[in-house]
Visitor: 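Pasting in a structure now, in structure tokens, and then I'll have a few things to ask.
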Amino acid sequence: MKHRGRHRRRRQGRALRAVLAGTALSLTAAATLISASQAQVADGPGALRALDSPAARGELRLTGHRVPAAWLDRLSSAMGRPAAVDAVLGSAGEELRDAAECGAGERAALPVAPAATRAYCWDEADVRGWRPGAVTTSAGAGEDGRWGGRRVIASAWTSEAGDGADDGRAPLPGPGADGDDAGAGAQRGAGGPGGEVGGEEIGGGVGTGRAGGGGGGTGAAATGPGLSRVAFVDTDAPGRPRHVSALLVVPVDGGRDYRGLSSPVSGMAWYRDKLLVTAGAGDRAALYVYDVDRLLRADVGGDAVGRVPGGWSAHGYRYVLPAVAAYHSAADGPRPAALSLDRTTTPDSVVAAERVSADAARPARLWRYALREDPAPAGPLAADRAGHVDAVEAYETRATGIGGVLAHRAAGAGRGAWYLSHAAGAPESRAALGRQDGEGAEVVECGADRSRHCWSADARSLAYREDTGEVWSQSGRMLFALPLSSLDASLH
């Protein structure tokens, strides 16, 4: 039986590689048919320009605030003890399909070059009404790169009720707003490592003591700007990868309720027991912090979000993940749009990028924050005593429409390189994927006309697993991986 199973897996592996190779060839052929006006970028983004002035670095400063411990304890007391990791992953019932079982339309979202070596698609029923967002991996969760003993991919999704970003609506109150509980008023504006979220309801009902606005709360049906969730994909599960989702929420009303995170997650980084996720312009926070060991069970079905008669609802999902802290940008500072973990620095760090449109009058910025070597309630970023987090490295880039960022320094290399997925022309065309440093840039090329539109249909998030050497991303209904070495080999 073991021999037959091994041979069957080998045949399946060969079939999958053949499908992916065939898909890459067909996509390469399609790339050659794109018109020159859309397929070519006149020149690459060039070398990175260092930002060393205090004023430029000051714009990148963040200030951390934590949700009061009393709020989180009250919520956990009402909803029950956090679920154990084994129980969460063991409850993952939905499966991803191998690329060989996915339709041609689904596989069209895969990159032309470099070709994916592992690819899966989500069932339509699991993602209907949701748009893909950032990905990250458990590589930084522990020394062995596992969460609960398993290799896990975290995949973010935002509901299509609204994009939740740059839509001109009033910001939703969040961590750092004024508040009323657990001594929050006394801590207002403190922002230090021990400073708590200040005051008014995080959920948005001014003076009501209840959650309001988009994203629900007090059992409200989810409406407005949409919701965000994270699917935890167990890639070590027997057979196909299995996944289970948790709705991202923000505690309100002193921890007596929660509202949904009404913001897209375009960037995400997993470090130890914390998830850092980006927030859109419709939110007062720039980054939210989630504790993956604080998953709480929702026991009532339906579309509502928050406390409901008889228990707690999470828009039909089994778990909620409440925010434990947040970071606010400096006045007029950029919001991180892309985010990833870099473990090739000492200490480990998080890199960020802002998304700037092609017609913007200024270049986009890339920067790095150091991570703490010891856990902290206010979040994993290294902060001073006042709670301020300053960039330890920053650059300008001519790349526009950045969707994903990685920074990596190869063993023995004198300096690291930055990898970016970014828009490269017409909105409907494929993205570009390249590598930059202080001396220049290289871009992946494909097709007979050496098009630079070689990446997935959207410039999406990038996440690196150093234990397997793979870069993970997702586009459309496809979740895929490829070796970083193949990316490097495809650069010109």
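All figures in this text were calculated on a predicted structure; none of them were measured in a lab.
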Visitor: Going from OG on Ser475 to CD on Glu106, what distance comes out if it is rounded to the nearest 0.5 angstrom?
Guide: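 Between Ser475 OG and Glu106 CD, I get 12.0 Å after rounding to 0.5 Å.
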
Visitor: Charged N to carboxylate O under 4.0 angstrom, Arg335 versus Glu354?
Guide: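 Salt bridge absent between Arg335 and Glu354.
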
Visitor: Distance check, rounded to the nearest 0.5 Å: Trp270 atom CH2 versus Phe232 atom CZ?
Guide: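 Trp270 atom CH2 to Phe232 atom CZ measures 5.5 Å (nearest 0.5 Å).
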
Visitor: Over all heavy atoms of both residues, which pair between Pro45 and Ala399 is shortest? Give the atoms and the distance, please.
Guide: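 Looks like CB-N, 3.7 Å.
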
Visitor: Flag the pair Glu396 and Arg362 as a salt bridge only when some basic side-chain nitrogen lies within less than 4.0 angstrom of an acidic carboxylate oxygen.
Guide: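 No, no charged N to carboxylate O under 4.0 Å.
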
Visitor: Would you say Ser451's side chain and Gly447's backbone share a donor-acceptor pair under 3.5 angstrom?
Guide: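 No; judged by distance alone, with no hydrogens or angles, the pair does not exist.
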
Visitor: Indicate yes or no for a side-chain donor-acceptor contact from Ser421 to the backbone of Gly404 under 3.5 Å, with no hydrogens or angles considered.
Guide: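 Side chain of Ser421 to backbone of Gly404, a donor-acceptor pair under 3.5 Å: yes, one is there.
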
Visitor: As an exercise, state the distance from CZ of Arg146 to CG of Asp234, rounded to the nearest 0.5 Å.
Guide: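 That separation rounds to 10.5 Å.
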
Visitor: Is there side-chain contact between Arg128 and Arg477, with heavy atoms separated by less than 4.5 Å?
Guide: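 No - every pair of side-chain heavy atoms lies 4.5 Å or more apart.
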
Visitor: Surrounding CG of Asp332 (heavy atoms of other residues, nucleotides or ligands, distance under 6.0 Å), is the total greater than 12?
Guide: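 12 or below, so no.
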
Visitor: Given the rule in the salt bridge (charged side-chain N to carboxylate O under 4.0 Å, His left out) test, do Arg118 and Glu470 qualify, once you have shown the distances and angles that lead to the verdict?
Guide: CA-CA 10 Å; Arg118 281 207 278 174; Glu470 293 173 307; 2.7 Å; yes

Visitor: Which is it for Ser461 and Gln474 under the side-chain hydrogen bond (donor to acceptor under 3.5 Å, both in side chains) test, yes or no, and what are the steps along the way?
Guide: CA-CA 7 Å; Ser461 172; Gln474 64 182 0; over 6 Å; no

Visitor: Can you list everything that forms a salt bridge (charged side-chain N to carboxylate O under 4.0 Å, His left out) with Arg465? Sequence neighbours excluded, please.
Guide: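 With sequence neighbours excluded, Arg465 shows a salt bridge (charged side-chain N to carboxylate O under 4.0 Å, His left out) to Asp467, given in chain and number order.
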
Visitor: Do Ser486 and Thr117 come close enough that some side-chain heavy atom pair is under 4.5 Å?
Guide: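 No - every pair of side-chain heavy atoms lies 4.5 Å or more apart.
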
Visitor: May I have the step-by-step check of side-chain hydrogen bond (donor to acceptor under 3.5 Å, both in side chains) for Thr63 and His388, ending in yes or no?
Guide: CA-CA 5 Å; Thr63 301; His388 300 314; 3.2 Å; yes

Visitor: What's the separation between atom CG in Leu48 and atom CG in Asp437, rounded to the nearest 0.5 Å?
Guide: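 These two atoms lie 6.5 Å from each other.
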
Visitor: Determine whether the aromatic ring centres of His408 and Tyr464 lie less than 6.0 Å apart.
Guide: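 Yes: the rings meet the under 6.0 Å criterion.
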
Visitor: Quick one: does any side-chain atom of Ser155 pair with a main-chain N or O of Val135 as donor and acceptor, under 3.5 Å?
Guide: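 Not confirmed, Ser155 side chain does not pair with Val135 backbone.
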
Visitor: Decide yes or no on side-chain contact (heavy atoms from CB on, under 4.5 Å) for Tyr288 and Val265, but give the supporting numbers first.
Guide: CA-CA 10 Å; Tyr288 278 94; Val265 178; over 6 Å; no

Visitor: Take Leu287 and Leu339 through the side-chain contact (heavy atoms from CB on, under 4.5 Å) test and state the conclusion after the steps.
Guide: CA-CA 10 Å; Leu287 295 173; Leu339 206 67; 4.0 Å; yes

Visitor: Can you tell me how far apart CG (Asp390) and CG (Asp384) are? Round to the nearest 0.5 Å.
Guide: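 Asp390 CG to Asp384 CG: 6.5 Å, rounded to 0.5 Å.
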
Visitor: Say you draw a straight line from CG of Leu406 to OG of Ser340; how long is it, rounded to the nearest 0.5 Å?
Guide: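 Here the interatomic distance stands at 4.5 Å.
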
Visitor: Is a side-chain N or O of Ser138 found less than 3.5 angstrom from the main chain of Gly145, in a donor-acceptor match?
Guide: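 It does hold such a pair.
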
Visitor: Would you say the rings of Trp122 and His243 are close, in the sense that their centroids are separated by under 6.0 Å?
Guide: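 Yes; Trp122 has its ring centre under 6.0 Å from that of His243.
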
Visitor: Glu466: which residues meet the salt bridge (charged side-chain N to carboxylate O under 4.0 Å, His left out) condition with it, sequence neighbours left out?
Guide: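 Applying salt bridge (charged side-chain N to carboxylate O under 4.0 Å, His left out) to Glu466 gives Arg343.
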
Visitor: With the side chain counted from C-beta on, respond yes when Val324 and Leu72 share a heavy-atom pair under 4.5 Å apart, and no when they do not.
Guide: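 Val324 vs Leu72: side chains touch.
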
Visitor: Determine whether Val351 and Leu366 make a side-chain contact, defined as any pair of heavy atoms from C-beta on separated by less than 4.5 Å.
Guide: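 Val351 vs Leu366: side chains apart.
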
Visitor: Can you sort out the partners of Arg460 under side-chain hydrogen bond (donor to acceptor under 3.5 Å, both in side chains), two or more places apart, ordered by chain and number?
Guide: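 For Arg460, no residue satisfies side-chain hydrogen bond (donor to acceptor under 3.5 Å, both in side chains) once neighbours in sequence are set aside.
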
Visitor: Side chains of Leu60 and Pro334: closer than 4.5 Å at any heavy-atom pair?
Guide: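 They are in side-chain contact.
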
Visitor: Using a 3.5 Å distance criterion without hydrogens, assess whether the side chain of Arg151 forms a donor-acceptor pair with backbone atoms of Thr235.
Guide: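 Checking the backbone N and O of Thr235 against the side chain of Arg151, no donor-acceptor pair under 3.5 Å is found.
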
Visitor: Less than 4.0 Å between a side-chain N and a carboxylate O, is that true for Arg259 and Asp283?
Guide: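 Salt bridge flag = yes for Arg259 with Asp283.
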
Visitor: Judged by atom type as modelled, is there a donor-acceptor pair below 3.5 Å linking the side chain of Arg150 to the main-chain atoms of Val152?
Guide: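 It does not hold such a pair.
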
Visitor: So, Trp418 versus Tyr395, ring centres under 6.0 angstrom or not?
Guide: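 Here the rings of Tyr395 and Trp418 have centres that are less than 6.0 Å from each other.
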
Visitor: side-chain contact (heavy atoms from CB on, under 4.5 Å) between Ser329 and Leu62: does it pass, once the steps are laid out?
Guide: CA-CA 5 Å; Ser329 296; Leu62 298 176; 3.8 Å; yes

Visitor: Kindly give the heavy-atom pair with the smallest separation between Leu295 and Val88, and that separation in Å.
Guide: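 Smallest interatomic distance, heavy atoms only, reads CD1-CG2, 3.8 Å.
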
Visitor: Where does the angle between the aromatic ring planes of Tyr369 and Trp367 fall among parallel (under 30°), tilted (30 to 60°) and perpendicular (over 60°)?
Guide: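 Tyr369 and Trp367: perpendicular rings.
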
Visitor: Using the ring of Trp157 (Phe, Tyr or Trp, six-membered ring only), decide whether Arg131 places NZ or CZ under 6.0 Å from its centre and within 45 degrees of its axis.
Guide: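 Ring-cation test returns no.
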
Visitor: Side chains of Val289 and Leu276: does their closest heavy-atom pair fall under 4.5 Å?
Guide: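 With C-beta onward as the side chain, the pair touches.
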
Visitor: Provide the full list of ring pair (Phe, Tyr, Trp, His ring centres under 6.0 Å) pairs with a residue in residues 473-492, sequence neighbours left out, each pair given once.
Guide: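 Of all non-adjacent pairs touching residues 473-492, those that pass ring pair (Phe, Tyr, Trp, His ring centres under 6.0 Å) are Trp455-Phe480.
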
Visitor: What pairs meet the salt bridge (Lys or Arg N to Asp or Glu O under 4.0 Å) rule with one or both residues in residues 132-141, with sequence neighbours excluded?
Guide: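 Non-adjacent pairs meeting salt bridge (Lys or Arg N to Asp or Glu O under 4.0 Å): zero.
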
Visitor: By ring-ring contact (aromatic ring centres under 6.0 Å, His included), which residues pair with Trp472, not counting sequence neighbours?
Guide: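 Not a single residue meets the ring-ring contact (aromatic ring centres under 6.0 Å, His included) criterion with Trp472.
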
Visitor: Closest heavy-atom contact between Pro322 and Pro251?
Guide: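 Reported closest heavy-atom pair: CB-CG, 4.1 Å.
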
Visitor: So, applying side chain to side chain contact (heavy atoms under 4.5 Å, CB included) with Leu341, which one of Leu371, Thr136, Thr137 is it?
Guide: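 Exactly one option meets the side chain to side chain contact (heavy atoms under 4.5 Å, CB included) with Leu341, and it is Leu371.
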
Visitor: Is the backbone of Thr397 close enough, under 3.5 Å, to the side chain of Arg365 for a donor and an acceptor to pair up by distance?
Guide: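 Looks like no, no N/O pair under 3.5 Å.
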
Visitor: Apply the test side-chain contact (heavy atoms from CB on, under 4.5 Å) to residues Leu227 and His315: give CA-CA distance (whole Å), side-chain angles for both, the deciding distance (0.1 Å), then the verdict.
Guide: CA-CA 9 Å; Leu227 300 168; His315 197 59; 3.7 Å; yes

Visitor: State, to 0.1 Å, how close Arg409 and Gly416 come at their nearest heavy-atom pair, and which atoms those are.
Guide: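 Looks like CB-CA, 3.7 Å.
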
Visitor: Look only at the side chain of Ser349 and the backbone of Arg368, and say whether a donor-acceptor pair between them is shorter than 3.5 Å.
Guide: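 No; judged by distance alone, with no hydrogens or angles, the pair does not exist.
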
Visitor: Can you name the closest pair of heavy atoms from Pro336 and Ala286 and give their distance?
Guide: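 For Pro336 versus Ala286, the nearest heavy atoms are CD-CB, 4.1 Å.
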
Visitor: Side-chain contact test, heavy atoms from C-beta onward, threshold under 4.5 Å: evaluate it for Val350 versus Tyr271 and give yes or no.
Guide: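 Not in contact.
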
Visitor: List the steps, then state whether side-chain hydrogen bond (donor to acceptor under 3.5 Å, both in side chains) holds for Tyr419 with Asp488.
Guide: CA-CA 10 Å; Tyr419 298 82; Asp488 287 331; 2.7 Å; yes

Visitor: Measure across Ala394 and Arg57 and return the closest heavy-atom pair with its distance rounded to 0.1 Å.
Guide: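 Heavy-atom minimum between the residues: CB-NE, 3.7 Å.
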
